[in-house]
Amino acid sequence: MTYPTTRLRRLRATPALRTMRRETTLAASNLVAPLFVCHGTKVRRPVASMPGHHQLSVDELARDAEEIARAGIGGVILFGIPAAKDAVGREAYDEKGIVPTALRALKKAAPGLLLWADVCLCEYTDHGHCGVLDGETVDNDKTLPLLARAATAYAAAGADLIAPSDMMDGRVRAIRRALDEGGFPDTPIVSYAAKYASAFYGPFREAAESTPQFGDRRGYQMDPANADEAMREVALDLEEGADMVMVKPALPYLDVIRRVKERFGVPVAAYNVSGEFAMIKAAAQNGWLDGERAALESLISIRRAGADVILTYFAREIAPVLARGLA
Ligand code: PBG
């Protein structure tokens with residue numbers, strides 16, 4: 001049957017009809033809010049390229065986390081800014097480092113909130129690369145034990161999920177083994193499995209102070225042109241013991257999210273990264289688009305593509321909108 005018998009507009013006529021037949025849902029509990037934590041007290045240093053986001057000291061972070069928990073947001077993911085950087089990223093795996101300290105504080109301040117710990121060396125190395133160097137290349141196998149140590153330190157400090165973002169080969173296996181041996185066999189790993197070498201990480205690198213001091217990350221992060229290769233990355237990470245896999249960034253890679261969901265049928269996270277946030281914010285601040293609607297449309301499209309969980313800098317401003325219900 002076709003027009004005039006079939007009229008798809010009939011089910012679009014009112015808000016109630018549209019809500020009833022909506023295919024994709026989005027709730028605050030699907031969202032994870034990234035937070036940047038630094039040393040000191042009473043620090044709330046704005047990140048210029050990410051309006052509304054700050055580098056926070058642990059006391060301030062705890063206040064924000066309580067508010068995030070009250071808003072019903074699914075969790076937070078922590079990125080640490082160390083006191084000092086060095087060639088091997090020592091503070092990343094120091095039990096008294098900034099992220100373990102923050103995790104312990106958040107467990108007390110917001111006990112019900114899921115705490116994700118990003119595992120990578122780039123915020124902690126003086127050269128800004130995601131692992132230790134051998135000349136000008138990142139030495140994959142020398143980096144693995146350091147990542148595994150960081151993961152164990154974070155689990156011991158209270159991390160509920162461990163999320164390696166370094167893109168070294170074999171890191172999921174190394175981390176799984178270390179967690180099991182360290183007494184954390186039940187701590188899940190969310191691997192940044194398909195992480196692309198993206199221009200959209202620019203604002204994050206300002207926030208996390210993690211811009212590479214030479215070269216770029218194309219020797220370990222993926223080529224934006226490749227999707228079959230992403231399937232191989234995901235397959236390997238699952239084999240190595242990943243409990244959930246991530247695609248990052250989100251909007252330029254919706255096809256990859258969809259393929260991962262269809263092919264593997266596992267829990268999928270997508271990272272709506274800093275540049276995706278900054279683009280909408282900048283346009284909204286200029287009055288060029290409606291920022292709230294653009295954010296909602298972005299997030300629903302990421303869910304529609306197949307993501308179960310979305311890491312997004314919009315979490316805090318969008319949670320109250322979701323609580324009112326999508327119109
Ligand atoms: C670090 C890491 C990055 C992001 C998350 N973890 C940056 C990078 O690889 O340079 C980016 C997040 C964002 O842009 O919001 N390994």
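All figures in this text were calculated on a predicted structure; none of them were measured in a lab. All ligand and atom numbering here is 1-based and tracks the order in the structure.
Residue S210 places every heavy atom at 4.0 Å or more from ligand 1. A heavy-atom separation below 4.0 Å is found between K248 and ligand 1. Residue M167 places no heavy atom under 4.0 Å from ligand 1. In this structure, D118 is part of the shell of residues with a heavy atom less than 4.0 angstrom from ligand 1.
For D166, no nitrogen or oxygen atom sits less than 3.5 Å from a nitrogen or oxygen atom of ligand 1, counting backbone and side chain alike. Close N/O approach between Y192 and ligand 1 is not found [any backbone or side-chain N/O within under 3.5 Å].
Taking the six-membered ring for Trp and the full ring otherwise, F36 and H53 have centroids separated by 6.0 Å or more. Here F79 and F204 bring their ring centres to under 6.0 angstrom of each other.
Residue-ligand proximity, Y271 to ligand 1, at heavy-atom distances under 4.0 Å covers atoms 12 (C), 15 (O). Within the listing of ligand 1, atoms 1 (C), 2 (C), 6 (N), 16 (N) sit less than 4.0 angstrom from a heavy atom of S165. Residue C120 approaches ligand 1 through these ligand atoms, each under 4.0 Å from one of its heavy atoms: 16 (N).
In this structure the side chain of I189 reaches within 4.5 angstrom of the side chain of L179, judged on heavy atoms. Using a 4.5 Å cut-off on side-chain heavy atoms (C-beta onward), V47 and P203 make no contact.
Salt bridge present: K107 and D160 bring a charged side-chain N and a carboxylate O closer than 4.0 Å. Ion pairing between K96 and D94 fails under the 4.0 Å rule for side-chain N and carboxylate O. At a threshold of 4.0 Å, the pair R316-E67 counts as salt-bridged, since one of the basic side-chain nitrogens sits closer than that to a carboxylate oxygen.
Here the protein heavy atom with the shortest distance to atom 14 (O) of ligand 1 is S274 OG, 2.7 Å. Closest protein heavy atom to atom 15 (O) of ligand 1: Y313 OH, 2.6 Å. K195 NZ, 2.7 Å is the protein heavy atom nearest to atom 9 (O) of ligand 1. In terms of protein heavy-atom proximity, atom 1 (C) of ligand 1 is closest to C122 SG, 3.4 Å.
In F277, neither the side chain nor the backbone holds a heavy atom less than 4.0 Å from any atom of ligand 1.
No side-chain donor-acceptor contact under 3.5 Å links Y192 and D166.
Figure legend: K195 and Y253 shown without cation-pi pairing, the cationic atom not lying both under 6.0 angstrom from the six-membered ring centre and within 45 degrees of its axis.
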